[in-house]
Amino acid sequence: MIVYMLINKNTNDFYIGSTRDLFNRICHYKEEFDRGGTRRVIRKIKETGGWRDWTFIVIYKDEETCKEDLIRAEFNFIKSLKPNLNVIRNTKYLKGHTIFLDI
């Protein structure tokens, strides 16, 4: 399980996310970009000229972490690093269960 930062090297715009498989997540973002996706992070990538200045950085990795703990770790990074491209919510949904997070 990985928590990652997607950051623009020139503007310092960044997004924090989590995934089980970073390669698949990168492919997903690039496919969404090519399809004309409208999520905040995809729009910012388009506005700044495409992928050239963006990079993925792994900020947390633990193969033994369960999904719920990964979501909490991601949220803690969002709270402490304050990325400008994340939408902060106090709940996350996981397999039909709501995880309440302290903002």
Side-chain angles (χ1 to χ4, degrees):
M1 304 285 199
I2 294 170
V3 178
Y4 62 90
M5 178 187 299
L6 174 57
I7 186 167
N8 183 295
K9 297 175 274 191
N10 294 323
T11 66
N12 290 324
D13 291 310
F14 70 105
Y15 174 84
I16 302 289
S18 62
T19 186
R20 293 176 193 231
D21 185 329
L22 188 57
F23 178 79
N24 284 342
R25 182 59 50 97
I26 292 169
C27 290
H28 173 78
Y29 278 120
K30 292 193 176 190
E31 289 169 2
E32 187 176 348
F33 177 86
D34 291 342
R35 286 191 318 265
T38 59
R39 288 188 323 138
R40 182 183 293 188
V41 67
I42 298 299
R43 284 193 323 259
K44 185 57 81 170
I45 293 167
K46 289 177 185 177
E47 290 170 11
T48 57
W51 287 101
R52 180 183 64 249
D53 297 323
W54 291 84
T55 190
F56 285 86
I57 300 169
V58 173
I59 56 177
Y60 173 82
K61 183 176 183 178
D62 185 347
E63 297 302 325
E64 302 302 316
T65 300
C66 69
K67 185 67 176 174
E68 184 173 330
D69 289 343
L70 180 66
I71 289 169
R72 291 186 191 286
E74 174 189 0
F75 187 74
N76 287 333
F77 279 110
I78 290 169
K79 281 188 352 185
S80 65
L81 298 175
K82 299 182 181 5
N84 64 319
L85 297 177
N86 284 78
V87 174
I88 298 177
R89 297 185 178 104
N90 66 347
T91 58
K92 210 57 170 192
Y93 299 99
L94 176 65
K95 294 183 183 174
H97 297 88
T98 302
I99 300 170
F100 294 94
L101 306 163
D102 295 325
I103 293 182

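Source: prediction; values computed, not measured.
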**Prompt:** Side chain of Lys46, backbone of Gly37: donor and acceptor closer than 3.5 Å?
**Reply:** yes

Kindly give the heavy-atom pair with the smallest separation between [X] and [Y], and that separation in Å.
X     : Y     : result
Glu74 : Ser18 : OE1-OG, 2.7 Å
Arg43 : Thr38 : NH1-O, 2.6 Å
Lys79 : Lys82 : O-NZ, 2.9 Å
Lys67 : Met1  : N-CE, 4.0 Å

Is any side-chain heavy atom of [X] less than 4.5 Å from a side-chain heavy atom of [Y]?
X     : Y     : value
Tyr29 : Ile45 : no
Met5  : Leu81 : yes
Ile16 : Tyr4  : no

Set of residues satisfying side chain to side chain donor-acceptor pair (under 3.5 Å) with respect to [X], sequence neighbours excluded:
X     : answer
Thr65 : Tyr60, Asp62
Asp34 : none
Asp69 : none

Test of understanding: clusters of I, L, V, M, F, W, Y form through side-chain heavy atoms closer than 4.5 Å, transitively. Do [X] and [Y] belong to the same one?
X     : Y     : answer
Phe77 : Ile7  : yes
Leu85 : Val58 : yes
Trp54 : Ile2  : yes
Ile78 : Ile59 : yes

Residue list, side-chain contact (heavy atoms from CB on, under 4.5 Å) with [X], at least two apart or on another chain:
X     : result
Ile26 : Leu22, Lys30, Phe56
Glu32 : His28, Arg35, Arg39, Ile42
Thr11 : Asn8, Asp13, Thr48

**Request:** In sequence, state the C-alpha distance, the side-chain angles, and the governing distance for Asn76 and Val3, and then conclude on side-chain contact (heavy atoms from CB on, under 4.5 Å).
**Result:** CA-CA 10 Å; Asn76 287 333; Val3 178; over 6 Å; no

**Request:** Any chance you could lay out the side-chain contact (heavy atoms from CB on, under 4.5 Å) test for Arg40 and Tyr15, step after step, and finish with the verdict?
**Result:** CA-CA 9 Å; Arg40 182 183 293 188; Tyr15 174 84; over 6 Å; no

